[in-house]
Structure formats: C-alpha cells, structure tokens
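Inspection log for the structure reproduced underneath, given as structure tokens.
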Amino acid sequence: MIRDQIRQIVTDATANAQSAGHLPSIKFPPIEIQRPNQPEHGDYSSNVALLASSAIRKSSGQKANPRQIAQSIVDHIETGELVGGVELAGPGFINFRLHESWLQKNLLSVIEQGADFGAIDRGNGQRWQVEYVSANPTGPLHYGGGRNAVLGDTLANVLEAAGYEVQREFYVNDGGSQIQLFIESLYVCYLQLCEEMGGAPKRDVERPEGAYQGAYMQDYARVVRERVGDRLAHLEPAEAKEGLREIGREIVVTDIKDELATVGVTFDRWFSEKSLYDEGLVDRLLNDLSDRGEVIKRDGALWFLASKYPGNEKDEVVVRSNGAPTYFASDIAYHYDKFFRRKFDQVINVWAVDHQGHIPRMGAVMRALDLDPERLRILLYNLVKLIRDGQEVKMSKRSGDFLTVREVVEEVGPDAVRFMLLTTSPESSIEFDMSLAVQSKNENRVFYVQYGHARICSLLQRAAQNGHKNPEAVPEDAAEIVKLLTDPAEMTLIRRMLEMEEQIELAVERLSPHNLTYYAEDLTKTFSVFYENCQVLHTDVPPQLARARLLLVLAARTALSRVLNLMGMSAPEAM
RNA sequence: GCGCCAGUAGCUCAGUGGAUUAGAGCGUCGCCCUGCGGAGGCGAAGGUCGCAGGUUCGAGUCCUGCCUGGCGCGCCA
C-alpha cells in the first residue's frame, strides 16, 4: 500500500539521519502517515518531527526545533519512483507528493486488476466468520434488521477484499421460548383458518399470552394448510404443535431467506440453535464447565459465574429452576463450536445496541473456555427509528406493527435501501422517514454514483462507434500514452482511484464499511469534474490524448463498479 | 442509581490529535448546454461543532464534570 511505502521511506530516512548523527539516537514514536485535508499540502504528510520534538524534550529536557528535525529527515529521504516531491511545511510537517509518472503508470494497474481492484492481503487467508442478522425466526424482518443485514454483508465483502476467508452465518434461534411462542401462535391461527374453511372440529384453544398476531401469521397459517390440509387440526393440541414445529420453522426461515435476498444478502450457513441441544453439546459443555467450577447450582437454578471475569457484575442463569435452559446456555455451546470445532481465527457478531449488555458476558464465556476474548468482536449498531407522519412508530413484531425490509425495497429498490442503511456510522441511530424516503427515491445518492457509471459505459460505447478500436482493451503502447494525462482533473481522478486500498483497509480496521458510500460519491464527483473539463471524443482532441483519456475512463469504470459491488449494489450500464 | 452510544449548517448525516477558510447531500438563491447522458458542473448564503473546565505548540476529535435524547442493567431473546 502507498501509505506503507511512504511510512517506510520516512522510517529509513529517520534511521539514516540518526546513524549520521544528525538526530539524537532516542527511540522515535511510531511514524504516522496522514492524508492532508488540503491538496496544497500534498498527497501524504507526516508529523513525525513534531512528535519527535516533544519526545526529545521529554527524554533529555532539551528543546528541539521540530522544523530542524524535519529538515534532517528530509535531507536523508530517498524518494524512489513513488514520490515526486517532498516539502517541509508549517511547524514541521513533511509533505509528500506522488510522482506524476508513478500515478500515470498505476492507472493501468487499476484496469489490470479489474473486478479485484483494491484487494489487499491484510487477512493472509485467515478464517473469519461474520454472524449477522440472526433475527428470531418468528416473522418477517423489520427494517432495523435490514440495517444489520446490510452492515454484516458489506463488512463480509470488504473482509474478502482484504484477504480474509470469510464465512457468512445466520444463527437460527429455533431452540428457545420465542420459537415456542411462535409455534403456539401459529397453531391458533391455523386452527381458526381450518374452522373457517369448515374442515375441522371446533377446539377451545386460547391464544397464548403475548402471542404473535401480525397479519403475516395468517399468511403463514394458509401456507401450512396448503401443505398439510386440515390434518393437524384433528390431532390433540400437543401432538399437533409437535407436527407444526418443523413446518412452521421451515416456512418462516424460508420467508426470511427470501426477504434477505431482496437486498442481495445471502448466507453460507444457517446454523440451528436446536441442533446444539439435539446433539447434546449444551449438556456436555455445562457439565465440563461445572467440573471446572465455572458453573454452579444455586437457588435451584444453574448459574454461569460470569462475575469472576472483568466487566461483569452479575452471574448468569444457564438452566432455570424449572429445568429449561436459557438462550445463554446454547450461546456458550454455539461459540465453543465456532472456535474449537470450526476453528475460526476471528468471529464478528453483528448486534443491535439493545444487546450491548450481553457483550461482557460473552467476554467471560471466552475466558472460561480458555479463548482469547479478542477473537470475538461485536459490531454494535444503533437502532432504526421509524417516522411516519412526523411521529415515531414503535416497531413490534408481536403486535405486527412494523415496517419490513421487503416493503421498503418494493418502494425504493434494493440499492437505495442498502445505500441509505450504509451512509451512517453504525453507532449513530437512524431516523427513517417513510414518506420522505418514498418521495425522494429518485434522489437517493446511490443513483448519482450509478449514473456516473452508466455515463462511463455509454461513453465507451460511443467511442467504439466513433472508430476507436476496442476501447475496453489496453493497447500495447498504453505505458507511453498515459503520459499524456497531465490535466489536474485527470490527475485528481487517478489519485482518488488509487485510494481504493486505503478505503478497504479503513473499513476493515474499524469494522464499519460506511466510509465506502462517501468514497463512492467522491469518486463519482471526481469523475464528473473530469468529464466536464476534459473532452474525450471531440474532434478537437488529439487522437493520442483521446486514447489516453479512454484508458482513464476505463479505469474509472473499474473503480466505480468495484466500490458499488463491495457495497452489494449494482453497477448499471444504462439507467 | 450505574453502564454504553449520540448531540456538528434549516433538515439528514460525514469528519483518522494537527497547517489562517469545519465538509457532503437535500432545501434556499445565483450562474453554465451550436461539445461525449443536465440524474451533471460552478458559485453564494447558512456553524459560538450541546455547555463548562482541563491537557497540548495545536482540540469537533483526548481527559473531567454537567445538560439533553436513545439503549441496556430479568430464572426474556
């Protein structure tokens, strides 16, 4: 990466200045390379001299002029072909300007890398898992779940681009009380339906407390009846519910799967919580932990002693006094499975903030299992507030009052949904105004980016019509003709494109890919400026320059479609 | 009460401890088509970065306290 190369140059120069006796031989602070806000300050800059100055003062008590330190470092810099200019500026910054010929040459690497443009090998093939959405299988996904889906999916994309081997997983909570309640609710709906259709005996079955009662439950009941007819209605309730379990789970999981597919989100694996009980892993682990004093019996219940571990004040019930395990019990088994059986190097769970209290407990679980807690990271995101007619609408799956992902996708399309959910940083809450979203669906910012891409495609098409032979290929003399690209708009566009690696690294480092939306807009904007300022296919443009600009346009298409694809959005050729 | 997160332009939001002017989109007000897609480009107005201290050569960014809002502190998930 460019930044790393600059850092190396500074590191070497500092070491050389020290061994030449021009700088004191103290340990220098880690060298940071920044991107200046203002273009006049170069492409990269380092404040090493300023940091060194205070380090020297602290260690020796002597004053050290940062500008002099910077000058000593600058004197020892060997620029190579990457750096075209080094300046000392302000109180002691060292500014670097990339070499024009280096930029021109690397334009071609954008085209060569194609769909993999910007890939870095930070991950080194490590096995990472991203577990996301994992919504209760009790109904359609509400819009907040969509945020989880888009964050997790985009993060997984970016991790893959950064060289990690990524597995995408949805944890199906089919082992606890919520699915039980769902099945019982579904049973009531199914019975009612069968009665109405006149095919079943009347049964006096009460709707359970807190039942799921959204309109979608009726739809599910209809699907059940289409599959099995009235058969289950003739059975005794206990037996009927048992029969409904599998089919009910299957229907709702399929529904969620289809709904996620509408925003382009798919998973490598749908992991069943229930399977952890069925194979006995939960019991086995609780026994093991009990033998090791991590789990004890108290007040008739079984407790995990979380309070032994930092960040935890309370212990956690794993088996209630009535003998029913809590979801926390299966969560222990689930994470055991992730690390010991499937051997992921790193696991990232994407959770909404209302699960934040669970984070320290999971840290305790990691320690109790003798795992490095750092290997489990939680990407926490804030909630989506739904505003309708200026009022906040409380979304509740049980009451059935909520906005689904599917509804919004139908209104504004999948790309716009993803973009909206991706522009804010995860820790900010989103206020989503339904009426505004629908009104302004054609003003969604993603269309600006896609429009830029479509315009590029049409430009390349027109080039072919105008007699440019195969404008999508790199000619043999490419290395020569790119030297004709010297206009500021052209150079700025190249610079922006070559930021791709840094943008990918940034998203991975912070586990928050929202910077990509801003990068995509910036890239598009830079292209638009080039487009306004530099004609490509006009008769006034010398033929060689036109060919060079076509290469630039081709690279821009590569970069734009890459960033759109990373965000899971389409890169249309026309719109 | 304790913990986590947020508070930046009229609205929705970016902002990685640095350089006289803190950014974007939308909205408002001006320009720019006898030239490749105007779903575009250029410009203007609009800010005591919640408040008060502190650290630093330098703070929207770090520390402390406070205010406001959200979320969490279950033998729920």
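Labels below follow one simple rule: chain letters A, B, ... track the order of the sequence lines, proteins then strands, and each chain is numbered from 1. Because the structure is predicted, anything quoted here is derived from the model rather than measured.
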Answer with yes or no whether the side chains of [Y] and [X] bring together a donor and an acceptor at under 3.5 Å.
X: A:Arg7; Y: A:Ser46; value: no
X: A:Thr424; Y: A:Arg147; value: yes
X: A:Thr138; Y: A:Gln178; value: no
X: A:Gln503; Y: A:Asn515; value: yes

If you go through the side-chain atoms of [X], does one of them form a donor-acceptor pair with the base of [N] closer than 3.5 Å?
X: A:Asn95; N: B:A19; result: yes
X: A:Gln356; N: B:G3; result: yes
X: A:Ser321; N: B:C75; result: yes
X: A:Ser429; N: B:G70; result: no
X: A:Asn47; N: B:G18; result: yes

Using a 90° cut-off around 0 for syn, call B:C33 syn or anti. syn
Sticking with atom [atom1], work out how far [N] lies from [M], rounded to a whole angstrom.
N: B:G10; M: B:G50; atom1: P; answer: 13 Å
N: B:U55; M: B:C63; atom1: P; answer: 15 Å
N: B:C5; M: B:C42; atom1: C1'; answer: 39 Å
N: B:G3; M: B:G65; atom1: P; answer: 9 Å
N: B:G7; M: B:C13; atom1: C1'; answer: 12 Å
N: B:U8; M: B:C49; atom1: P; answer: 11 Å
N: B:G25; M: B:C67; atom1: P; answer: 38 Å
N: B:A44; M: B:C51; atom1: C1'; answer: 32 Å

Under 4.0 Å between any heavy atoms, over every strand shown, what does [X] touch: base, sugar-phosphate, or nothing? Just pick one.
X: A:Ile430; value: sugar-phosphate
X: A:Ser458; value: base
X: A:Tyr451; value: base
X: A:Arg510; value: base
X: A:Arg361; value: base
X: A:Tyr327; value: base
X: A:Thr539; value: nothing
X: A:Val319; value: nothing
X: A:Glu431; value: sugar-phosphate

Do the ring planes of A:Tyr171 and A:Tyr334 sit parallel (below 30°), tilted (30 to 60°) or perpendicular (above 60°)? parallel
Taking only N and O in the side chain of [X], is any of them less than 4.0 Å away from OP1 or OP2 of [N]?
X: A:Arg35; N: B:A19; value: no
X: A:Arg455; N: B:G38; value: yes
X: A:Lys525; N: B:C42; value: yes
X: A:His358; N: B:C73; value: no

Might you work through the salt bridge (Lys or Arg N to Asp or Glu O under 4.0 Å) test for A:Arg495 and A:Asp43, ending with a clear yes or no? CA-CA 8 Å; A:Arg495 285 186 160 88; A:Asp43 295 310; 2.6 Å; yes
List the atom of A:Glu374, the atom of A:Arg377, and the distance in Å for their closest heavy-atom pair. O-CG, 3.7 Å
Can you see which heavy atom on A:Ser428 is nearest to which on A:Asn382, and at what distance? O-CB, 3.3 Å
Between A:Asp174 and A:Lys274, does a salt bridge (Lys or Arg N to Asp or Glu O under 4.0 Å) hold up when you go through it step by step? CA-CA 6 Å; A:Asp174 54 3; A:Lys274 187 166 170 289; over 6 Å; no
For RNA chain B, the dot-bracket notation using Watson-Crick and G-U wobble pairs below 3.5 Å, [ ] for pseudoknot-type crossings and | for other-strand pairs, is (((((((..((((.........)))).(((((.......))))).....(((((.......))))))))))))....
Centroid distance under 5.5 Å and plane angle under 30°, A:Phe93 vs B:A19: yes
Verify the stacking flag for A:His355 against B:G72: centroid separation must be under 5.5 angstrom and the ring planes must differ by under 30 degrees. no
Of the listed nucleotides B:A77, B:G18, B:A39, the one nearest the side chain of A:Asn173: B:A77
Considering only side-chain heavy atoms of A:Ala301, which listed nucleotide, B:G40, B:C75, B:C76, is closest? B:C75
Sorted by position of nearest nucleotide on RNA chain B, 5' first, the leading residue of A:His538 and A:Leu383 is A:His538
Within 45° cone of A:Phe304 ring axis and under 6.0 Å: A:Arg361 NZ or CZ: no
For the pair made of CD in A:Glu532 and P in B:C42, what is the distance, rounded to whole Å? 8 Å
